[in-house]
Structures are given as C-alpha cells and as structure tokens.
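First the structure, in the form of structure tokens, and then the observations on it.
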Number of protein chains: 2
Amino acid sequence: MPGAAAAQPAFDRRDPRAVRRAVRSGAHTGHTGGLAPGIVQANVCILQGEWARDFRTFCERNPKPCPLLAASAPGDPRLPRLAEDLDIRSDVPRYRVYRDGELIEEVGDIAHLWTDDMVAFALGCSFSFEEALIAGGVPVRHVAEGKNVAMYLTSIETAPAGPFRGPMVVSMRPFTPANAIRAIEITARYPAVHGAPVHIGKPEMIGIADITKPWVGDFVGVRDDELPVFWACGVTPQSAVAQARPPLCITHAPGHMLVTDCKNSELSDWGQSMGSDPCG
Amino acid sequence: MPGAAAAQPAFDRRDPRAVRRAVRSGAHTGHTGGLAPGIVQANVCILQGEWARDFRTFCERNPKPCPLLAASAPGDPRLPRLAEDLDIRSDVPRYRVYRDGELIEEVGDIAHLWTDDMVAFALGCSFSFEEALIAGGVPVRHVAEGKNVAMYLTSIETAPAGPFRGPMVVSMRPFTPANAIRAIEITARYPAVHGAPVHIGKPEMIGIADITKPWVGDFVGVRDDELPVFWACGVTPQSAVAQARPPLCITHAPGHMLVTDCKNSELSDWGQSMGSDPCG
C-alpha cells in the first residue's frame, strides 16, 4: 500500500532520534503530538544579534512563562544539551518566518535563512507537565477531550527586557480541590516547564473578566466542585516577540515542536542549572 | 531580682537540651511556645499493649493527620531518634492522664504511671510548617495576630484501625491565591508535619457548613481576595483516641509540647523513612 506508506512514513515513532531523522529528511512534516512519548518537546524561537541577547534576558527575568531549556551559541545551529545530533536548521517539522513582526511564510527547513549571529532558544512546553499530571493520576480535561488548552491574557505584567514586554498569558485547567493540590505539588517539581501555577480560583484577580471566553483555545468548563488553576503559558514569549517586531524571527509552527532526547521525567532537575528560579 | 528569676528559670531558652533539662528537673512547667526556635516540637500520645499496636496502625494509615515522627519500643521511655537524652516520662512540661477516655489529672512527671507495655508516640505538629511558611515569606494570620488556628470537623473519614476511627479534623489558614500556591509548595516538602493541604476553597465540599464557626480555635477571617486552605490536623488522633476510650492514655497538655533535638529544616527528609506516604 504505497499510499498508506506515504501518509505515514516508516520510522520508529517512539524513538526521538528516528523522529528527528524523519523530520530532517523531509519524510515527516506534520504535527509532533503523540511522537516520542515521555520525551521533551520544546518551543523554538530564533533571533539575531542584540534581539537574541535581549530575549535571553527576558527569559531569565520571566522563568515561569519563558522556561529556557537551552540556547545555542551565536551562529551555531546545534543544541547538544537537548540532543547530540540536533540541527535547529532542519529538525523542526515546520517553521514560521516573521519579518518585522509579520508572518511571511511557513517552511520545512531554514538553512537558507541561517546567519552567524542567530541564536536558537528552546523553551519548555506544558506537554511535559501534563504528562506528569496524567501519570500522577490527575486527569486533564482538555487532553481527555482532545481539545486545546484555554489561554487568557492577564493583568500580570512580565518583567521587560529591551523591546520585550507585555502581559503574561496563562493557560487554565479545571480541577477538584484535591486534584488542584496534587497538580500544584506535581508541577512545582517541573520548573523547566512552567513550574507551579501562578494563580488559583478568582480569575478576576488576574484580569480575566469572563472565564468562559478564552483568548485562545477551548473552554472545557469549570464545574461547581472545581477550581480553575492557572499556569504561566509559553504563548507569553511569542506574544512579546510579536509586539517587539524584530526584523527577523523564526519559530516552530503551532504543534510542530522540536523533539529532543531528554526525558520528561528528568526535567525536575533542570530549573536551577539553567539559572531560572524554581521558586519564582 | 529573685522573683523574676523564679518566674523565668535561668536556662538557655534557645537550646533544646537546656529546655529538656529544665523540664525534667521541674524548673520549667509552662508552655513551650517560643522555646528552642527552629527545633521540632512534637505531640505526644502514650498507650499500652494492643491499644498501642492499633494506634501505630492508625497513624500509618492516616499519615497526613497522624505524622509519626518516632515511636518507642514497648516499655522503653527513650526516643533516641528525636534526642539522645530524651526520657518521655519526664521531658514533657505537663501531661494529661486519661482513664477510659476521661481526663483524670494533669501531672508534671509520669514515672509512677510507666509500665513495661507502654509505647510513646511522637507526632509532627504544624508549628514546624508554619515556621517554614513564615521563613518562605508567606504570612500566617493567626500567628501574626497571636491567636489559635481555626479547626473544623470534616466529612472526610479517617482509615480506621482497631478501635481508632472518626472524622478528620482540619486546620484552616486563609491565603491569597499566590500565597496559597506557595504554601502548598512549601508544606508538600514537610510530609512529617502534615504535608500538603487536603483541601482548598469550597469548605462545603468537606462538610464545613459555616467557616466562620470553627469547632476549636479562632476564625481570623477569609477576605474577598483569599482562599481558605485546609491541612490535616494533629487533633485528629486525639479525637480518635478520646472516642476509643482506652483504659489508660497519656498525652501532652495543649501547648506543652515535647522539645526534640531535630531541626524543622531537616523534616523535609522524614516522611519516607517512617513509612508514611509523602504523596498521600
């Protein structure tokens, strides 16, 4: 069945190296959801020169929304901390290219755009902590229902750095009180993927007027016996970058993440070694 | 000023060994609040024979309300895990003696009551985690106001063991959402002193009809920008023992705790080694 083989290229979908090889060769150009289970998938943001230096500072000042897993040396496309063979110019299935803050194109490879002052940033993603929650017996409704997490703009301001500033974006997950406590306990151990929540209950206190109307994503309800729990969201740096309008910025396309060799279960050790504040 | 010297015996109030020596000699018979700061103070419960065996099982099955720090060998008045020189017959400033569940007397020494089938249990106390909260920058209102913590009977049933059973008693502390999250993170590290909360928000879900009316202690308010946070309380085992009516039971008198040599800061390692479940 050559048609089926073309739709689903023959590679070991559980092996992160095989996934990266398939992405690199162009055999896999789709979403990374469900690939390499248990493995860290990262948000990607690539900037040049002074913009990259300011963005690094922005991440360091806002470790909860911008948990920096790794950053390349300027001009170096490798991220050996995340995977020995990783080449950031080819290992993301689909890139978005922004010029002056405008989305110009989506491409499968950025070798032709790479310059020697480019820095690639890999940021932690809530996929990792959601896996830990589910493994810990805490059901996550939007995952169970196959929906996107609900995201909201808040009145919490990020700490600015150069041109990067703006409101913190949060994701919301509803839990019973006992599960909310478990979720706080579990995610507190993962500072490299947003860590403990930033808020619980009382959405109006962080500038959310109507919880049923997320800014992005799907509202999955908050039942009478549940509390809404809010985590800092990886959309925050994307929003800050879009508003800063750098001449050139390259990111992953939504859902088309960088697959690393790191295990989610190892992330609990990461926060401090990257200089982010696990208690922040 | 001999009068002042008599009211406040001359011993180093910061040194737990000096405190125990003063208690043992009868020089100090008062409360232990404020003595030996940073040091673990424990709840004490002494039972005989089969009652002691069942009580140990009750503690093991209910580690959040009954966090067992140490238990003596039958007939052995020492608790070397807590302090090398400790003698449970003399080192509590004031004991309560219950016969068939009735309070019979308060005494300063129990050497005359000690039998060779007696087991002394030392249980963790929320003083330790409150110190950790305050050190972590999370204000605890009833402490700041010099009041007792508010305690409530709940609809949460303890896991029974022999004659010991009954509702979980909880203590309530109000916090802003951000401080509630910090409080959960901090206390989760202290399974040996009740650990993470058992409930947050929504008191009606655990059978508390009117939060302004605690069963015991002082209600210090829950403001519009606060959530009530509920921890399993060390009064739970006292309540279970009182209802079981053992022929003889000896406890510390309220506020007259056992001062150990252990540091509060060391408690974060304790939960697992005593067999209690830090995630329970």
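Order of the sequence lines fixes the chain letters, A, B, ..., with proteins taken first and strands second; residue numbering starts at 1 for each chain.
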| task | Please name all residues satisfying side-chain hydrogen bond (donor to acceptor under 3.5 Å, both in side chains) with A:Thr32, sequence neighbours left out, ordered by chain then number. | result | A:Gln41
| task | Heavy-atom pairs under 4.5 Å with chain B are the metric here; pick the option from A:Ile181, A:Asp224, A:Thr176 that has the most. | result | A:Ile181
| said: Can you tell me if A:Asp210 has over 12 outside heavy atoms packed within less than 6.0 Å of its CG? | reply: yes
| request: Taking all non-hydrogen atoms of both residues into account, name the closest pair between A:Ile184 and B:Glu185 and its distance. | output: CG2-CG, 4.2 Å
| request: With sequence neighbours left out, write down each residue that passes ring-ring contact (aromatic ring centres under 6.0 Å, His included) with B:His199, or none if nothing qualifies. | output: B:Phe230
| message | Within residues 145-171 of chain B, which residues come under 4.5 Å of chain A, heavy atom to heavy atom? | response | none
| query | Do you know which two heavy atoms are closest between A:Glu226 and B:Lys202, and how far apart they sit? | reply | O-CE, 3.0 Å
| request: Sequence neighbours left out, what passes side-chain hydrogen bond (donor to acceptor under 3.5 Å, both in side chains) with A:Gln238? Give chain and number order. | output: none
| remark: Tightest non-hydrogen contact, residues B:Pro177 and A:Ile200, listed as CB-O, 3.3 Å
